[in-house]
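One structure is given below, encoded as structure tokens.
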Amino acid sequence: MTDRILTINAGSSSIKLALFAATPMLPMLVRGQIEGIGAAPRLVLRAPDGTVLDQHAIEPARVSDHASALDALLASLAPHLGRDLVAAVGHRVVHGGATFVAPIAVGDTVMSALRALEPLAPLHQPHNLAGIEAARRAFPSALQVACFDTAFHRTQPWVSDTYALPRAYYERGVRRYGFHGLSYESVMARLALDAPDVARGRLVLAHLGNGASLCAVSGSRAQATTMGFSPLDGLPMGTRTGQIDPGVLLYLMTEDGLDAAGLADLLNRRSGMLGLSGLSNDVRTLEAAGTAEASGALDYFVAHTVREIGGLAATLGGLDGLVFSGGIGENAWRLRARIVEALGFLGVDLDVAANRRSDPVVSIPGSRVVARIVPADEEAAIARHTAAFARSERP
Ligand code: AMP
């Protein structure tokens, strides 16, 4: 019997879960997910190499909420768990506010504090917490650890952390929290192993997926990031606007009578590359479409990503490394080539063939700024935090 560590990433209509052996190397044993909770649920269980072990649709009535989805996933995981004990469960929690700067064990008091943060991330936090509640019921004796997407950014200096609002707003929590922190942590951990010199330098980490953000890092500490109070700011995304003049929102409220719910829907779900193309939020679809609108959406994504990377390079006083992760960063080689080539003036020199292959290093040998691809592995980051916490809790 070996102790196991389970990680849970609960979204609005999906739960992702991964099982690790609680040994020093923390190998992943199996991972699974249910999508379409409450609508058309579908379960997939995979081996670490991606081989499908189990895949089936589930009757919607059987998986109507996070608790029943977790039960269904655990039932399908049971043969892989055997008689081993789940000693600790690590959870992805989007918002830790100003208080939670590191992972924390969740009991009733912490749970209440995390609930109080729900207004800061209404689209994500309630689902994350539903995952914790479901896991507390399923594993009452296991340690539950919350790992925060905001925590990585808490080292950023005040000028990166505040808005130019009256100071009282900062004190009550209107801050640039930043997100994708677990992804950035996993990228930095991998980089420290694969390219320790690069990891110590001035870096822009580019998490480019359906959600997209950048983070400037120096001395392995976060210095600034493009997302802010919410995951809406910064880069254009699949369906989110990214940076927008708040004057546009005032105009739409005054002229069109849009209320908070209408604006939230417009900014979160109908904008970004989907809004610009009128076609899709998916880069593969846009690249294949070849329409002027689809090309325009990709052009906007490239132009604003380049502009924000340039801004963060200025914040760092220069650049030593540029690191891509996320579905677009890891795979969309055409967009990556355009971004790297546009930044040639900073000293990054694209290796066209390596980039086409999506190799780990996509700059030529001798390029002053190194460009790399490092796949994000949020589950591994959560598992590492949770294992460290479990060790420190042991008498
Ligand atoms: P993520 O949210 O990190 O899963 O990333 C999703 C985005 O990655 C979508 O826009 C996809 O179109 C994009 N993506 C994934 N694979 C590829 C690929 N092979 N080529 C281009 N884009 C891709």
Side-chain angles (χ1 to χ4, degrees), residues 9-18 31-36 42 44 46 50 92 94 123-124 127-128 149 179-187 190 205-215 225-227 231-232 234-242 268-291 293-305 323-341 350 352-360 362 372-382:
N9 182 348
S12 57
S13 62
S14 72
I15 292 192
K16 286 188 204 159
L17 167 160
R31 62 194 156 102
Q33 73 179 73
I34 286 194
E35 290 185 331
R42 195 162 182 81
V44 187
R46 291 177 192 275
R92 180 183 186 176
V94 74
L123 303 180
H124 299 92
H127 307 296
N128 301 159
D149 259 324
F179 298 90
H180 288 145
L182 293 164
S183 160
Y184 291 133
E185 281 176 29
S186 76
V187 166
R190 184 79 253 160
L205 310 180
H207 179 111
L208 307 180
N210 204 28
S213 73
L214 305 171
C215 183
T225 187
T226 55
M227 282 180 172
L232 267 173
L235 302 182
M237 304 177 218
T239 61
R240 289 173 243 167
T241 49
N268 281 296
R269 298 197 184 84
R270 296 197 283 124
S271 298
M273 288 191 271
L274 171 67
L276 285 171
S277 68
L279 177 66
S280 173
N281 60 320
D282 192 308
V283 164
R284 283 166 294 198
T285 308
L286 298 178
E287 286 185 334
T291 61
E293 290 80 7
S295 302
L298 296 172
D299 291 348
Y300 186 92
F301 180 81
V302 169
H304 285 266
T305 302
V323 183
F324 291 95
S325 60
I328 298 171
E330 291 165 32
N331 302 297
W333 60 272
R334 292 183 189 84
L335 294 192
R336 204 172 47 229
R338 290 174 66 186
I339 292 166
V340 173
E341 281 174 340
L350 184 75
V352 174
N355 180 64
R356 175 67 188 84
R357 293 189 300 266
S358 295
D359 281 356
V362 296
R372 296 185 72 105
I373 300 172
V374 178
D377 190 350
E378 288 149 334
E379 272 65 36
I382 297 169

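All ligand and atom numbering here is 1-based and tracks the order in the structure.
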With respect to [X], determine whether any N or O atom, backbone or side chain, lies less than 3.5 Å from an N or O atom of ligand 1.
X: V283; answer: yes
X: H207; answer: no
X: D282; answer: yes
X: G326; answer: no
X: L208; answer: no

Q: Could you point out which residue of V187, L205, L208 forms a side chain to side chain contact (heavy atoms under 4.5 Å, CB included) with F324?
A: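 Per the side chain to side chain contact (heavy atoms under 4.5 Å, CB included) rule, the option paired with F324 is L208, out of V187, L205, L208.
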
Q. Would you say H124 and D149 make side-chain contact, with heavy atoms under 4.5 Å?
A.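 Not in contact.
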
So which protein heavy atom does [atom] come closest to, and at what separation?
atom: atom 2 (O) of ligand 1; answer: N210 N, 2.8 Å
atom: atom 18 (C) of ligand 1; answer: N331 CB, 3.4 Å
atom: atom 14 (N) of ligand 1; answer: G327 O, 3.5 Å
atom: atom 7 (C) of ligand 1; answer: I328 CG1, 3.7 Å
atom: atom 20 (N) of ligand 1; answer: R284 CG, 3.6 Å

Q. Taking the inter-plane angle between the rings of Y184 and H207 on a 0 to 90° scale, is it parallel (under 30°), tilted (30 to 60°) or perpendicular (over 60°)?
A.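 Judged by the thresholds at 30° and 60°, the geometry between Y184 and H207 is perpendicular.
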
Q: Using a strict 4.0 Å threshold on nitrogen-to-oxygen distance, state whether R92 and E378 make a salt bridge.
A: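 Looking at E378 together with R92, the answer is yes, because their closest N to O distance falls below 4.0 Å.
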
Q.
Test of understanding: given a 4.0 Å heavy-atom threshold, classify the contact between L335 and ligand 1 as side chain, backbone, both, or neither.
A.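 Neither part.
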
Q. Rounded to the nearest 0.5 Å, how far apart are CH2 of W333 and CG of D359?
A.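 Spacing of CH2 (W333) from CG (D359) equals 13.5 Å.
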
Q. Does T285 come within less than 4.0 Å of ligand 1, judged by its heavy atoms?
A.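 Outside the 4.0 Å threshold, so no.
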
Q: Please could you name the atoms of ligand 1 that N281 approaches to less than 4.0 Å, counting only its heavy atoms?
A: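 Contacts of ligand 1 toward N281, numbered from 1: 10 (O).
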
Q: Within a distance under 4.0 Å of any heavy atom of G209, pick out the atoms of ligand 1 and give their elements.
A: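 Counting atoms of ligand 1 from 1, those under 4.0 Å from G209 are 1 (P), 2 (O), 3 (O), 5 (O).
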
**Q.** Minimum-distance pair of heavy atoms, taken over all atoms of S213 and M227
**A.**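 In terms of heavy atoms, the two residues are closest at CB-CG, 3.8 Å.
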
